Asks: 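Before we start, here is the structure in question, set down as structure tokens.
Everything quoted here is computed from the prediction, not taken from an experiment.
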Amino acid sequence: MFKYIPDSLPRGAPLVVALHGCTQNARQFGTEGGWREVADQLQFVLLLPEQQAANNDALCFNFFSTDHNRRGQGEAASIAQMVDGMKAEHGTGADRTFIMGLSAGGGMAAAMLAAYPDVFRAGAIIAGLPYGCASAGNNLALNWQKYWTVLWYGEAVWASWRCGIDRTHTLRTPPASRSPEEWRDLLKEADGPRPAVRPKVSLWQGDDDDTVHPQNLNELVEQWTAAHGIDQVSDGEDAADTHRHRVYKDAAGVTQVEVFQFPTLGHALPTNPGTGAGHCGRSDPGHHYVDRHICAASAIASFWGLTP
């Protein structure tokens with residue numbers, strides 16, 4: 001558990017949990033991803049859980065494992081305990097807790113939003129996966145297939161195939177496709193409470209991602225719009241030189257899901273190096289931070305309502 005506390009922070013400040021991707025670490029993610037800068041600008045507490053090689057040799061969060069993506073179990077429980085500790089030690093606002101993640105961290109952020117919807121007000125998933133993408137559900141044939149795959153090759157291989165992940169960058173296999181209703185119902189596997197309103201979610205994906213198949217963005221949209229009881233037709237769209245932005249609103253006109261889609265972005269977190277509002281992070285493509293003239297951390301914080 002790593003944390004960053006801006007100077008002169010008022011009590012009741014928001015708490016943001018940021019989950020790094022595979023091969024990354026907490027300090028690098030907080031600095032190069034721009035989260036420390038944005039925490040200073042907007043005055044929120046930053047919590048940075050870090051995976052250990054003993055749990056996953058590629059330093060990926062185990063978002064796909066039933067031992068770690070359920071309420072009260074494994075890594076999900078560990079992150080939840082960190083949040084409780086931050087609230088007790090730093091007096092962060094009980095109803096102002098948010099979570100985001102990149103890649104496997106994005107998959108883990110989805111797991112936390114599913115398992116702890118009573119803890120997180122909103123979240124963001126960047127180049128990530130829908131919750132339950134590796135689940136076999138009640139399909140007997142699929143469960144047998146999962147059993148033999150896990151027995152011979154391990155759970156990570158099964159998850160890679162079902163979730164459209166290729167860390168070798170050679171073959172982009174699409175993830176398993178499900179209906180919006182099936183994706184919504186998979187959220188129940190996380191054993192979280194059934195909230196009246198699910199946390200709202202910001203989704204980011206590059207079309208040139210050769211690690212996490214871009215089709216995952218469509219599956220994420222289906223999962224989280226269905227979770228909010230809204231359709232999959234966007235209620236507004238605008239475009240910039242580097243990306244498309246779409247919003248999905250509920251019956252009250254409140255945006256519950258937003259999408260940032262980048263035509264030429266690979267497996268990376270968009271940054272906007274510089275100083276001042278709207279700028280953050282570094283450009284380091286080798287470590288999955290790429291300048292796209294938009295600070296993802298700042299834009300996500302704005303969607304969450306943390307900007308003045």
Side-chain angles (χ1 to χ4, degrees), residues 1-5 13-30 33 35-36 39 44-56 58-134 155-156 159 186-187 189-193 195 198-202 220 224 269 297 300-301 304:
M1 171 181 161
F2 292 80
K3 62 184 179 180
Y4 178 70
I5 314 297
L15 170 63
V16 172
V17 183
L19 303 175
H20 64 79
C22 299
T23 72
Q24 296 179 322
N25 61 58
R27 185 183 300 274
Q28 176 194 63
F29 193 61
W35 285 99
R36 283 184 53 170
F44 59 75
V45 174
L46 184 60
L47 167 62
L48 296 148
E50 183 174 275
Q51 182 59 291
Q52 301 176 70
N55 298 335
N56 186 293
L59 304 180
C60 309
F61 288 100
N62 291 302
F63 69 92
F64 52 85
S65 171
T66 56
D67 292 335
H68 296 288
N69 64 10
R70 302 289 199 268
R71 188 180 181 95
Q73 294 181 206
E75 292 172 15
S78 179
I79 295 169
Q81 289 170 348
M82 294 178 190
V83 170
D84 288 341
M86 294 294 282
K87 290 178 179 177
E89 184 176 358
H90 298 287
T92 56
D95 63 343
R96 305 183 73 195
T97 304
F98 307 85
I99 190 166
M100 66 76 56
L102 169 69
S103 189
M108 199 66 203
M112 297 303 294
L113 292 169
Y116 295 92
D118 52 330
V119 172
F120 299 101
R121 186 170 177 178
I125 301 167
I126 301 177
L129 301 309
Y131 180 77
C133 60
E155 196 170 12
L186 280 172
L187 296 174
E189 291 188 359
D191 294 332
R198 288 276 179 184
K200 64 180 186 176
V201 183
S202 182
L220 278 162
W224 290 100
L269 185 152
I300 290 167
W304 290 342

Asks: For residues 108-127, which side-chain N or O atoms pair as donor and acceptor with protein atoms under 3.5 Å away, sequence neighbours left out?
Replies:
from	atom 1	to	atom 2	distance (Å)
Tyr116	OH	Gly72	N	2.8
Asp118	OD1	Arg71	NH1	3.0
Asp118	OD2	Arg71	NH2	3.0

Asks: Of all heavy-atom pairs between Ala104 and Cys60, which one has the smallest distance, and what is that distance?
Replies: CB-CB, 3.9 Å
Asks: Nearest 0.5 Å, please: how far is CH2 in Trp35 from CD1 in Ile300?
Replies: 4.5 Å
Asks: Return each pair, listed once, that meets disulfide (SG to SG under 2.5 Å) where at least one residue sits in residues 100-130; pairs must be two or more places apart or across chains.
Replies: none
Asks: State which residues pass side-chain hydrogen bond (donor to acceptor under 3.5 Å, both in side chains) with Arg36; sequence neighbours excluded, sorted by chain then number.
Replies: none
Asks: Just grab all the ring pair (Phe, Tyr, Trp, His ring centres under 6.0 Å) pairs involving residues 65-110, residues at least two apart or on different chains.
Replies: Phe98-Trp304
Asks: Mind checking what makes side-chain hydrogen bond (donor to acceptor under 3.5 Å, both in side chains) contact with Gln73, not counting sequence neighbours?
Replies: none
Asks: Just verifying a value: how many Å separate Phe29 CZ and Leu48 CG, rounded to the nearest 0.5 Å?
Replies: 8.0 Å
Asks: Would you please name every residue forming a ring-ring contact (aromatic ring centres under 6.0 Å, His included) with Phe64, sequence neighbours left out?
Replies: none
Asks: Looking at every non-hydrogen atom in both residues, tell me the closest pair between Leu59 and Ala53 and how far apart they are.
Replies: CD2-N, 3.5 Å
Asks: Between Ala18 and Leu46, which heavy-atom pair has the shortest distance, and what is it?
Replies: CB-CD1, 4.2 Å
Asks: With sequence neighbours left out, which residue pairs that include part of residues 76-86 fulfil the salt bridge (charged side-chain N to carboxylate O under 4.0 Å, His left out) condition?
Replies: none
Asks: Would you be so kind as to tabulate the donor-acceptor pairs closer than 3.5 Å made by side chains of residues 19-26, with sequence neighbours excluded?
Replies:
from	atom 1	to	atom 2	distance (Å)
His20	ND1	Gln24	O	3.4
His20	NE2	Gln51	N	3.1
Gln24	OE1	Gly21	N	2.6
Gln24	NE2	His287	O	2.9
Gln24	NE2	Tyr289	OH	3.2
Asn25	OD1	Arg27	N	3.3
Asn25	OD1	Gln28	N	2.8

Asks: Checking Glu50 now: which residues fulfil salt bridge (Lys or Arg N to Asp or Glu O under 4.0 Å) with it, not counting sequence neighbours?
Replies: none
Asks: As a quick check of understanding, evaluate side chain to side chain contact (heavy atoms under 4.5 Å, CB included) for Trp224 and Leu187, giving each step before the final call.
Replies: CA-CA 10 Å; Trp224 290 100; Leu187 296 174; 4.1 Å; yes
Asks: Which pairs, with at least one residue in residues 91-110 and sequence neighbours excluded, count as a side-chain hydrogen bond (donor to acceptor under 3.5 Å, both in side chains)?
Replies: Ser103-His267
Asks: Please list, chain by chain and in numerical order, all residues satisfying side-chain hydrogen bond (donor to acceptor under 3.5 Å, both in side chains) with Asn62, sequence neighbours excluded.
Replies: Asn56, Glu75
Asks: For a quick test of reading the model, state the closest non-hydrogen atom pair linking Gly132 to Leu186 and the distance between them.
Replies: O-CD1, 3.6 Å
Asks: Just wondering, do Met1 and Met86 contact through their side chains at under 4.5 Å, heavy atoms?
Replies: yes
Asks: Please enumerate all residues that pass salt bridge (Lys or Arg N to Asp or Glu O under 4.0 Å) together with Glu155, with sequence neighbours excluded.
Replies: none
Asks: Shortest non-hydrogen contact from Cys133 to Phe63?
Replies: SG-CE1, 4.0 Å
